[in-house]
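All values below were derived from every heavy atom in this structure, side-chain atoms included, with hydrogens, water molecules and symmetry-related copies excluded. Here is the naming used below: chain letters follow the sequence lines, and residue numbers restart at 1 for every chain.
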Amino acid sequence: MLQVNILRQERDRVLEGLRKRQLDAAPAVDRIIGLDDRRKELQSETENLLAERNSLSKEIGDLFKNGKKDEANAKRQRVSDIKEQTGPLETELETVKGELEEELLQLPNVPYHLVPAGATPDDNEVYRPYDGELPRLAAGAKPHWELADTYGIFDLELGVRTTGSGFPVFTGQGARLQRALVNFFLDRNTAAGYTEYAPPLLVNEDTARATGQLPDKEGQMYYVQADDLYLIPTAEVPLTNLYRGELLEPAQLPVKMTGYTPCFRREAGSYGAHVRGLNRVHQFDKVEIVQLALPEESYTKLDEMVDHVAGLLTELELPFRILRLCGGDMGFTSAMTFDFEVWSAAQERWLEVSSVSNFETYQSNRLKLRYRTERGTELLHTLNGSALALPRIIAALLENKQTDAGILLPEVLHAYFGKEKLQPLRS
RNA sequence: GGAGGAAUGGCAGAGUGGUUGAAUGCACCGGUCUUGAAAACCGACGUACCGCAAGGUACCGGGGGUUCGAAUCCCUCUUCCUCCGCCA
């Protein structure tokens with residue numbers, strides 16, 4: 001959520017930034033400022049009356065003590081009058097505050113100055129191209145959903161039986177590979193200074209709202225009605241919220257967290273050839289990294305996170321490129337996002353495997369996540385990234401590493417998986 | 001799920017209707033003393049919002065109510081603790 005003061009003080013910069021999202025925010029911004037003006041007006045008026053009430057109440061107390069009952073009763077009448085006035089004022093104040101918040105929630109984050117303008121993924125900037133020859137597979141190379149059958153990696157039919165479409169069941173060495181990857185990622189992340197957490201997979205409404213999933217992505221989350229809880233779409237949500245409402249000392253920063261969780265996404269309306277196999281599923285495993293950083297350091301930290309994720313992909317020996325998302329393709333809450341895409345030689349397309357973003361103060365404003373400065377308190381910057389999402393990594397490993405002799409695993413996984421390659425099932 | 005108890009500032013912990021935003025201790029910060037440190041002593045020490053400022057308002061788990069006035073009384077919700085039951 002953007003801060004009203006920023007909208008007031010930097011109106012032009014905000015509007016210009018939001019235009020990169022193909023959004024003309026001028027009417028909304030003006031409505032917000034108008035509501036905030038009204039809010040201040042009502043608040044001053046109300047508080048003046050309350051101040052009078054408070055001082056009268058004190059006098060009444062003294063008068064009663066001194067036995068001056070008549071004088072006290074006269075003042076009591078005045079206080080009653082004040083109450084009659086403040087009632088409607090306070091009601092209106094609450095209404096205006098609600099409307100103000102409603103408007104603010106509709107406004108996405110302002111893109112960072114380096115973010116390219118644009119409407120669709122075609123406008124994304126190739127920030128770091130793949131510097132090599134894209135691998136070519138022998139004729140007859142299979143996509144991962146066919147390899148999954150041959151090698152017994154995962155089974156979509158079983159998921160349909162237990163749950164429904166888009167819930168893969170990982171089996172045998174596929175399940176083992178998944179576990180190996182989770183461990184590999186967590187080890188690398190903790191070695192890089194991220195503290196490991198195993199957070200809840202269900203969160204309450206306040207939590208979902210604070211990181212911006214509500215109201216923007218309401219329909220994308222699974223909702224447990226009986227207990228009013230949401231299944232997390234990413235570990236970002238519980239991890240970032242661990243610090244909701246905190247006031248940190250600069251010495252505590254940056255806070256670096258990592259966590260492995262399943263992620264749940266309804267993905268309503270996503271069907272077609274590009275969502276076959278593991279390309280898009282309702283439940284998947286992901287290891288996430290999160291940082292809480294000083295504003296002046298957050299973009300350095302973003303670079304650090306990008307390099308870290310790039311290191312993981314390099315170790316996995318997967319050809320990848322990094323995109324800087326254009327305004328129109330960026331998430332609602334992000335100020336700048338880098339997407340990592342792995343090349344799938346069998347599908348001959350790029351698969352997104354990680355998204356690394358700086359949210360600046362957009363989340364921390366809702367989180368009330370601040371740090372102490374000489375002058376007072378300031379909002380922190382929050383950042384997060386996938387390190388990494390499992391299904392498409394598995395898809396890419398299967399497809400790119402297939403040989404006549406089996407699927408060769410990258411060397412770094414040998415210690416985690418126990419074997420050098422995946423073996424076909426005996427049929 | 002049943003019964004009882006509790007929720008106060010960074011922590012501990014007073015406070016049951018009227019100068020209580022809140023005693024006291026600890027921690028933290030500034031200072032005195034000291035070659036330095038410790039100890040001792042002195043001082044400062046919550047957050048948000050409104051206001052140019054002076055100052056004001058709100059907040060003692062959340063919400064609502066009683067009252068001229070609520071941390072303090074009432075209702076309700078949540079969470080934690082103890083005991084019982086059930087259970088991975």
**Message:** Looking only at the side chain of Leu50(A) (C-beta and beyond, no hydrogens), which of the listed nucleotides A58(B), A48(B), G18(B) gets closest?
**Reply:**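 Nearest nucleotide to the side chain: A58(B).
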**Prompt:** Quick one: Asp228(A) CG to U78(B) C1', roughly how many Å, whole number?
**Reply:** 13 Å
**Request:** For Glu378(A) and for Asp62(A), find the nucleotide of RNA chain B with the closest heavy atom, then tell me which residue's nucleotide is more 5'.
**Result:** Asp62(A)
**Item:** Sugar-phosphate only, base, or nothing, as touched by Thr46(A) at under 4.0 Å among non-hydrogen atoms
**Value:**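 Nothing, no heavy atom under 4.0 Å.
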**Request:** Assign Ile60(A) to base, sugar-phosphate, or nothing according to its heavy-atom contacts below 4.0 angstrom with the strands shown.
**Result:** base
**Asked** Looking only at side-chain N and O atoms, does Asn54(A) come under 4.0 Å of OP1 or OP2 in G18(B)?
**Response** no
List for me each residue that meets side chain to side chain donor-acceptor pair (under 3.5 Å) alongside [X], sequence neighbours excluded, and say none if there are none.
| X | value |
| --- | --- |
| Asn54(A) | none |
| Asp149(A) | none |
| Ser364(A) | none |
| Arg179(A) | none |

Enumerate all atom pairs, one protein N or O and one N or O from nucleotides 86-88 of chain B, separated by less than 3.5 Å.
none

**Complete:** Per the 3.5 Å Watson-Crick/G-U criterion and a run length of at least three, the stems involving RNA chain B are B:1-7 with B:78-84, B:10-12 with B:24-26, B:29-32 with B:40-43, B:46-50 with B:55-59, B:61-65 with B:73-77
**Asked** What distance do Phe284(A) atom CZ and Arg265(A) atom CZ have between them, rounded to the nearest 0.5 Å?
**Response** 4.0 Å
**Asked** For the atom pair CG (Asn48(A)) and CD (Gln85(A)), what is the distance rounded to the nearest 0.5 Å?
**Response** 11.5 Å
**Request:** Examine Phe338(A) together with Tyr127(A) and report whether their ring centres are nearer than 6.0 Å.
**Result:**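 Here the rings of Tyr127(A) and Phe338(A) have centres that are less than 6.0 Å from each other.
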**Message:** So does Phe359(A) get a backbone contact from the side chain of Ser357(A), meaning a donor-acceptor N/O pair under 3.5 Å?
**Reply:**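 Checking the backbone N and O of Phe359(A) against the side chain of Ser357(A), no donor-acceptor pair under 3.5 Å is found.
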**Asked** Which parts of residues 77-93 of chain A get close to RNA chain B, meaning a heavy atom less than 4.0 angstrom away?
**Response** Val79(A), Lys83(A)
**Prompt:** What are the residues of residues 364-372 of chain A, sorted by number, that bring a heavy atom to within less than 4.0 Å of RNA chain B?
**Reply:** Arg370(A), Arg372(A)
**Message:** Please determine whether a side-chain nitrogen of the Lys or Arg among Arg19(A) and Glu16(A) lies less than 4.0 Å from a carboxylate oxygen of the Asp or Glu.
**Reply:**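 So Arg19(A) does not pair with Glu16(A) through a salt bridge.
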Check nucleotides 50-52 of chain B against the protein and report each pair of N or O atoms closer than 3.5 Å, with its distance, or say if there are none.
residue: C50(B); atom: OP1; partner: Arg39(A); partner atom: NH2; Å: 3.0
residue: C50(B); atom: O4'; partner: Gln43(A); partner atom: NE2; Å: 3.3
residue: C50(B); atom: O2'; partner: Ser44(A); partner atom: OG; Å: 2.8

**Request:** Could you tell me whether the side chains of Lys286(A) and Thr261(A) share a donor-acceptor contact shorter than 3.5 Å?
**Result:** no
Can you give me every donor-acceptor pair (side chain of residues 197-207 of chain A, partner residue at least two apart or in another chain, under 3.5 Å) with its distance?
residue: Asn204(A); atom: OD1; partner: Asp206(A); partner atom: N; Å: 3.4
residue: Asn204(A); atom: OD1; partner: Thr207(A); partner atom: N; Å: 3.0
residue: Asn204(A); atom: OD1; partner: Thr207(A); partner atom: OG1; Å: 3.0
residue: Glu205(A); atom: OE2; partner: Arg209(A); partner atom: NH2; Å: 3.3
residue: Thr207(A); atom: OG1; partner: Arg244(A); partner atom: NH1; Å: 2.9

Considering only distance and modelled atom types, tabulate donor-acceptor pairs under 3.5 Å from the side chains of residues 407-421 of chain A, sequence neighbours left out.
residue: His414(A); atom: NE2; partner: Leu409(A); partner atom: O; Å: 3.2
residue: Tyr416(A); atom: OH; partner: Asp187(A); partner atom: OD2; Å: 2.6
residue: Lys421(A); atom: NZ; partner: Ala405(A); partner atom: O; Å: 3.2

**Residues in ring-ring contact (aromatic ring centres under 6.0 Å, His included) contact with Tyr299(A), at least two apart in sequence or another chain** =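 Tyr299(A): ring-ring contact (aromatic ring centres under 6.0 Å, His included) contacts with Tyr112(A).
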